[in-house]
Protein chains: 4
Amino acid sequence: MTEHSLTTQTASTTRDQLVDAAERVLRAKGLARATTKEIAREAGYAEGTLYLHFADKLDLVRAVHERLLPEFIEMVSHLPGRAGTGTVEGNLTDLARSALGLYRDMLPLGSSLFADPELLERFRVMLAERRGGPQRAWEPVIAYLRAEQALGRVDPDADPAAAALLLLGACQQLVFVELMTGPGTLPFRDRPDPAPALVATLLAGLAPTQPSDPSPTEPCA
Amino acid sequence: MTEHSLTTQTASTTRDQLVDAAERVLRAKGLARATTKEIAREAGYAEGTLYLHFADKLDLVRAVHERLLPEFIEMVSHLPGRAGTGTVEGNLTDLARSALGLYRDMLPLGSSLFADPELLERFRVMLAERRGGPQRAWEPVIAYLRAEQALGRVDPDADPAAAALLLLGACQQLVFVELMTGPGTLPFRDRPDPAPALVATLLAGLAPTQPSDPSPTEPCA
Amino acid sequence: MTEHSLTTQTASTTRDQLVDAAERVLRAKGLARATTKEIAREAGYAEGTLYLHFADKLDLVRAVHERLLPEFIEMVSHLPGRAGTGTVEGNLTDLARSALGLYRDMLPLGSSLFADPELLERFRVMLAERRGGPQRAWEPVIAYLRAEQALGRVDPDADPAAAALLLLGACQQLVFVELMTGPGTLPFRDRPDPAPALVATLLAGLAPTQPSDPSPTEPCA
Amino acid sequence: MTEHSLTTQTASTTRDQLVDAAERVLRAKGLARATTKEIAREAGYAEGTLYLHFADKLDLVRAVHERLLPEFIEMVSHLPGRAGTGTVEGNLTDLARSALGLYRDMLPLGSSLFADPELLERFRVMLAERRGGPQRAWEPVIAYLRAEQALGRVDPDADPAAAALLLLGACQQLVFVELMTGPGTLPFRDRPDPAPALVATLLAGLAPTQPSDPSPTEPCA
DNA sequence: GATGAATGAGACTTCATTCAT
DNA sequence: GATGAATGAAGTCTCATTCAT
């Protein structure tokens, strides 16, 4: 109320403050334990105020996830798209590291949606309107790989979509396991930075380099 | 805990029936909307009976997830470990298809844990006792790849752990996107079976095949 | 209260518009579901405006009922007072039909008062100031019957007040039953217009006509 | 709980106690101010218990009205049906006095239904199942009058249904006005017992006994 | 061991009312 | 006079949990 400019750049409407507060509470307490009372208190408003701006609690939670979308997409777009600069390996390693951070930030909130089918359904409806969703992460990676293919730094026969899914999927799964097994565990063995190994493996492939074995593993027909 | 033969008979103890019912209700309604009343009704017992066998509701939910672990691990172990038989590509494709089914079955339940930090913490404690968790899925894949390396059908320099994470992570992420965006969408483009593309890409790698330089990692910059 | 010309102009003051809107909402939603928000919206004003013109919500509701009084009395006064014209039976039948319409219009709103003792009490206080209330309906009927008695068309020994109560009470009860049992029912048997039977019965009386008395009340059986 | 037989004849189930309490609170506070909290307290149960026995608050209120029906009908049936005994005038006067008591007891509760269209609708549905409603009061009166017609003590051409409606309607309207204008007023003039005048008027009719006037009141065309 | 009526804390939500603009 | 965002008390209803039977 009496704050003049807590953040110089944000309009900080009541609605935004409520969404901010809801996101903080959701991150801290989880969907199951986030109450309207606490969200309102966190935002500095009365509980009833919440219902001036949102139809119900799920509508507010959905708004949190809705606002996450552009955030997510922007982060994704910042995934290095620097085709032709540096090395492919370096770029993809940066990308993987960014993705790990992205998923560490987004996965707990996103996964919570599965706890409530009605919330998930509302989220789907919103995704259908806004074109968005987690699959958006693939796009800049695919675009980058295509650009590198054009530059000859990536195999022209490679499948960029599959490669994007392999790399980002690995990052997401790694974070998933991290979060599941707790902060004290070393999920991916003893490697503090798993990105290089993932990128190296993706670049080199598994197929043996010597065609001494006439196995049908070699697909480039 | 002190039970010696969980599965030697089709037992169907009251406790098991309650866990069964809880799993069904959790799958149908989601963690947020699963009530003890409905679980008890589904099991055919009175609500109070639940508290003869479990400390509280979270204990029952945790038991559902606990019982999922051997199920999960068993499914994972059935992932083809047939090193040397068929082709590597075929085996990994079968594996990817199995993994897709595995995640479709497990991901909604597993992701729900993120909605309740207290439940997640109890789950972590249980994981610390039982050696388990989603990372167990990597093991048979790694073992398989090592065996194929020994047979020369997989590059001896490849990193089996990274490869397992790439392949299984891609499967998990694909299912995650499927579940998020709803049954009506085509998550991975227009391919009904994404497994072959993933496996082909993983086998071939992204690096351009330069006949001059045998190191595929750093190409034509 | 201090307004001198309530109806000299089509005034449509803010206050009147609010009362209008309140009456519409009360008729549509009922006292229990009429909210200040909806009344204000219906009137085209902000919710706060309501409190510039009324002490509280009950004050507004009371104002609706207050304004209903002159309306009611005027309708009642239009009940045919045409002593000496037409026939007594015809005049009373017209009167009964008017009364049925009157109660259909007023009863739902009036009966709602019983749902809230505080509102009812305020209404009573107002009635004590304004001389009004549902009993006003008896007056023109009594006056009419007295005039007909003077003309010899109604038994000079008859009790006009009792007769008015019998006839109007019958109309009110009929509407009460109609409203209670719903629009789909036939409340008073199979007669679409119950007025003639009521009037005939009231005129003739129930006492058997002894042939010794040549009263015209008992005709051509 | 520990009461063994507070009332020797009543089962006094929890449900009944709740309905009892609800009726008491509804009579005391009115529909608009009756809260589930107070009803539960009045019944001596926790608020949640209410929802073990009723779908919601309206369901409980409806149950109150449902239980009023047999009460109402029984009271109505006790309206003197003593055809052939005493005098017609005496019997109808007793009847009118009973009806006044009946309506004094029932009208406030019954009228409250108009405050909430949803409640009224539920009540109508219930009436459609149970055959009941305020029109049931007419039946014993009609039956009585028919019996007296057979005995020759009531004009065989009289319309029993119309007569019942006239008499009971007058009683209901009188009570309605009493309740509206408050306990301190004398609603029907200065007569403490209005029953005799109503009955006398109904029996004698309004038509003049001497056909000295060739007025068109004479209907047998 | 099983029951299920009862509990009661607390969730979500509504809505009459206020007040700074 | 008008506004309408904000209030917060109070309402209805849910549901994990208990306990006498």
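Just so you know, these numbers come straight off a predicted model, no measurement behind them. In what follows, chains carry the letters A, B, and so on, assigned in the order in which the sequence lines appear, proteins first and then strands, with residues in each chain numbered from 1. Atom set for the values below is all heavy atoms of this structure, side chains included, hydrogens, waters and symmetry mates excluded.
Rounded to an integer number of Å, the gap from B/L60 CG to F/dC15 P is 16 Å. In this entry the distance linking OH of D/Y45 with C1' of E/dA5 reads 9 Å, nearest Å. Taking atom CZ on C/F54 and atom C1' on F/dA2, their separation rounds to 15 Å, with Å as the unit. Here E/dA16 presents its P atom at 14 Å from CD of C/E118, a figure rounded to the nearest Å. Distance D/K57 NZ to F/dA10 P: 15 Å, rounded to the nearest Å.
Partners of D/S112 by side chain to side chain contact (heavy atoms under 4.5 Å, CB included), not counting sequence neighbours, listed by chain and number: C/F114, C/A115, D/L31. Looking at residues two or more places apart in sequence or on another chain, you find a side chain to side chain contact (heavy atoms under 4.5 Å, CB included) between B/A63 and B/R15, B/V19, B/F54. Residues meeting the side-chain hydrogen bond (donor to acceptor under 3.5 Å, both in side chains) test with B/R124, sequence neighbours left out: B/E121. Annotation: side chain to side chain contact (heavy atoms under 4.5 Å, CB included) contacts of D/L50 (sequence neighbours excluded): D/T36, D/I39, D/L60. Residues forming a side-chain hydrogen bond (donor to acceptor under 3.5 Å, both in side chains) with A/R27 (at least two apart in sequence, or on another chain): A/E23. Not counting sequence neighbours, the partners of A/E118 by the side-chain hydrogen bond (donor to acceptor under 3.5 Å, both in side chains) test are A/R122, B/R33. Taking the side chain to side chain contact (heavy atoms under 4.5 Å, CB included) definition, one finds that A/A43 meets it with A/L18, A/A21, A/Y45, sequence neighbours left out. Under the rule for a side-chain hydrogen bond (donor to acceptor under 3.5 Å, both in side chains), A/T35 has no partner lying at least two apart in sequence or in another chain. Under the salt bridge (charged side-chain N to carboxylate O under 4.0 Å, His left out) criterion, D/E66 pairs with D/R62, D/R130, not counting sequence neighbours.
Under the 4.5 Å side-chain criterion, counting only non-hydrogen atoms from C-beta, D/E42 is not in contact with D/D20. For the pair B/L69 and B/M126, the minimum side-chain heavy-atom distance is below 4.5 Å.
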Base-pair map of DNA chain F as dot-bracket, where | denotes pairing with a different strand and pairs are Watson-Crick or G-U under 3.5 Å: .||||||||||||||||||||
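Phosphate contact (OP1/OP2 of F/dA6, side-chain N/O of A/T14, threshold under 4.0 Å): present.
For residues 46-53 of chain D, proximity to DNA chain E is found at D/A46, D/G48, D/T49, D/L52, D/H53, defined as any non-hydrogen atom under 4.0 angstrom from a strand atom. Within residues 33-42 of chain B, the residues approached by DNA chain F to less than 4.0 Å at the level of any non-hydrogen atom are B/A34, B/T35, B/T36, in residue-number order.
Along DNA chain F, the nucleotide closest to D/D56 and the one closest to B/L58 are compared, and the more 5′ of them pairs with D/D56.
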